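Sequence positions, counted from 1, serve as the residue numbers for this chain. In this text, all values refer to a predicted model and were calculated from it rather than measured experimentally.
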Amino acid sequence: MNSSPPILDISDLKVHFSSEEGVIRAVDGIDLVVHENETVALVGESGCGKSLTALALARLVSGAGLKMSGSIQVAGDDILALPESRVRALRGATISYIFQDPSASLNPVKTIGNQIAEVIRLHRKVSNVTDEVIRLMSLVGLPNPEFRRKSYPHQFSGGMQQRVMIAMALACRPRILVADEPTTALDATIQAQIFTLLRDLQSQLKMSVLLITHNLGLVAQNAARVYVMYSGRVMESGPVAEILSHAAHPYTKGLLAAVPRLNRHVDRMVGIDGAVPHPARLPSGCRFQPRCPGAGDLCRQIEPGMDRVKEGHEVRCHYWKQKA
């Protein structure tokens with residue numbers, strides 16, 4: 001177990017919305033911890049609440065009938081209890097983000113250098129902003145930064161745009177970096193380059209990383225611990241090596257079975273039948289039971305709590321011992 005203090009400590013976080021269909025329980029009571037200089041992954045299918053959890057960390061969630069509760073401790077500050085002015089000061093400086101589509105995040109009518117400089121001017125006092133822009137562009141491996149800082153986003157490839165986003169995220173030297181599907185739009189070679197860069201930068205800057213992804217292959221290569229999320233709940237959590245080799249929850253096993261392997265020939269890809277339920281129409285009992293091949297009457301009647309498999313490894317399943 002990591003003995004360093006947590007930089008991020010989420011307890012019973014709930015993000016609910018009121019709607020004509022009823023209460024939308026998008027995130028429904030999750031606990032998650034990230035220690036200093038640690039990479040933790042949050043995985044699950046689209047619609048399970050991963051990105052909403054990430055946005056809630058800096059109170060970036062909005063919407064009609066929004067209600068957030070629980071506790072989000074970031075570097076000792078309770079985000080949900082702070083005034084908006086204090087939260088704005090923490091954004092970028094303490095907690096920063098890399099999102100999955102850099103072309104949608106960058107301003108097409110501003111130069112790359114101006115966009116990085118804007119972040120620096122908002123959050124830091126630097127004697128020479130241009131020199132700092134050039135340093136950051138060099139840090140993330142962008143070639144000829146003195147010249148390329150005058151370029152516009154459309155003049156950069158997808159991989160280079162993502163490096164710009166990383167430079168902007170690191171401009172304020174955050175203590176925790178939230179990487180929300182940071183390489184989804186990139187090919188496999190560029191994905192590998194971006195994650196190598198992130199690991200190198202994490203080592204240099206001693207920051208923590210929360211990696212949001214649906215790709216367990218990336219988790220295996222880049223994270224120390226993993227939380228498996230489904231329908232607003234954490235279904236299983238533990239060290240990556242333990243989860244990958246001894247998964248206890250049927251959902252985690254289904255995700256692992258769906259990962260393609262070069263050493264295994266199959267006629268068709270394996271998937272999990274069904275779909276993530278609508279957050280306003282959740283099933284009774286265990287939320288995964290309509291899709292679980294081993295669900296019993298107890299699963300349909302009572303939602304399981306988190307059960308300890310071993311030190312640091314927990315699972316939300318009534319029958320994990322029989323299915324292990």
Side-chain angles (χ1 to χ4, degrees), residues 7 37 39 51 54-55 57-60 74-75 85-187 189-212 222:
I7 185 70
N37 198 26
T39 297
S51 292
L55 292 173
L57 305 185
R59 244 166 55 193
L60 295 172
V74 177
S85 59
R86 286 284 308 280
V87 178
R88 277 200 305 270
L90 289 173
R91 293 174 188 147
T94 301
I95 181 168
S96 195
Y97 289 81
I98 304 171
F99 295 107
Q100 61 181 292
D101 187 359
S103 63
S105 301
L106 292 169
N107 189 327
V109 299
K110 286 188 175 183
T111 65
I112 294 299
N114 280 337
Q115 294 186 63
I116 299 174
E118 184 177 19
V119 177
I120 297 169
R121 292 191 184 101
L122 280 172
H123 294 283
R124 289 172 59 191
K125 293 181 179 180
V126 177
S127 58
N128 192 317
V129 174
T130 298
D131 285 350
E132 181 65 4
V133 169
I134 292 170
R135 187 191 73 81
L136 285 166
M137 291 180 70
S138 298
L139 184 67
V140 298
L142 287 167
N144 196 6
E146 294 88 349
F147 174 74
R148 297 309 300 267
R149 69 184 176 85
K150 301 175 184 178
S151 300
Y152 289 87
H154 73 270
Q155 296 173 296
F156 279 29
S157 67
M160 291 174 70
Q161 288 179 353
Q162 195 61 291
R163 288 172 184 266
V164 172
M165 293 303 301
I166 294 171
M168 292 172 68
L170 300 181
C172 300
R173 302 170 186 170
R175 297 188 63 184
I176 180 166
L177 179 66
V178 180
D180 188 359
E181 303 278 8
T183 59
T184 295
L186 306 177
D187 64 48
T189 301
I190 304 301
Q191 278 189 13
Q193 293 176 3
I194 293 296
F195 275 103
T196 298
L197 172 63
L198 284 174
R199 286 195 298 270
D200 290 345
L201 292 173
Q202 181 181 20
S203 177
Q204 291 178 46
L205 303 175
K206 307 300 181 186
M207 66 182 175
S208 304
V209 176
L210 177 61
L211 172 62
I212 314 291
N222 297 286

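Ile95 CD1 to Leu57 CG: the interatomic distance, rounded to the nearest 0.5 Å, is 4.5 Å. To the nearest 0.5 Å, atom CG of residue Leu136 and atom CG of residue Asp131 are 11.0 Å apart. Atom CG of residue Leu211 and atom CG of residue Leu177 lie 9.5 Å apart, to the nearest 0.5 angstrom. In this structure, CG in Leu139 is found 13.5 Å from CD1 in Ile134, a value given to the nearest 0.5 Å. Note: Arg86 CZ to Thr94 OG1 = 9.0 Å, rounded to the nearest 0.5 Å. Taking CD1 of Ile190 as the reference point, atom CZ of Arg163 lies at 7.5 Å (rounded to 0.5 Å).
Using a 4.5 Å heavy-atom threshold, the side chains of Val74 and Leu90 count as separate. At a threshold of 4.5 Å between non-hydrogen side-chain atoms, the residues Asn107 and Pro153 do not count as touching.
The two residues Ala58 and Tyr97 have their closest heavy-atom pair at N-OH, 3.3 Å. Nearest heavy atoms, Pro182 versus Ile212: CD-O, 4.3 Å. Contact between Ser105 and Met165 at its shortest, heavy atoms only, is CB-CE, 3.6 Å. Among all heavy-atom pairs drawn from His123 and Ala89, the shortest one is ND1-O, 4.3 Å. When every heavy atom of Gln202 is checked against every heavy atom of Ser208, the shortest pair comes out as NE2-CA, 4.1 Å. What you find for Ile194 and Gly159 is that their closest heavy atoms are CD1-O, 4.0 Å.
Using a distance-only test at 3.5 Å, with no hydrogens or angles considered, no donor-acceptor pair links the side chain of Gln162 to the main chain of Pro102. With hydrogens and angles ignored, the 3.5 Å screen pairs a side-chain donor or acceptor of Thr196 with a backbone N or O of Ala192. Under a 3.5 Å cut-off, the side chain of Gln115 and the backbone N or O of Lys110 do form a donor-acceptor pair. Remark: side-chain polar atoms of Arg91 are paired, donor with acceptor, to backbone N or O of Arg59 under 3.5 angstrom. Between the side chain of Gln155 and the backbone N or O of Tyr152 there is at least one donor-acceptor pair closer than 3.5 Å.
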Any chance you could lay out the salt bridge (charged side-chain N to carboxylate O under 4.0 Å, His left out) test for Arg135 and Glu132, step after step, and finish with the verdict? CA-CA 5 Å; Arg135 187 191 73 81; Glu132 181 65 4; 2.9 Å; yes

Audit row: Gln193, Leu197, side chain to side chain contact (heavy atoms under 4.5 Å, CB included) steps and yes/no: CA-CA 6 Å; Gln193 293 176 3; Leu197 172 63; over 6 Å; no

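Asn222 and Thr39 are not linked by any side-chain donor-acceptor pair at a separation below 3.5 angstrom, with hydrogens and angles left out of the test.
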Using residues 167-175 as the side-chain source, report each donor-acceptor pair under 3.5 Å to any protein atom, sequence neighbours left out, with the distance given to one decimal.
residue : atom : partner : partner atom : Å
Arg175  : NH2  : Glu36   : OE2          : 2.9

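Every pair passing side-chain hydrogen bond (donor to acceptor under 3.5 Å, both in side chains) that includes a residue from residues 141-150 is listed here, sequence neighbours excluded: Arg148-Ser151.
Partner of Val140 under the side-chain contact (heavy atoms from CB on, under 4.5 Å) criterion, chosen from Val164, Leu201, Leu198: Leu201.
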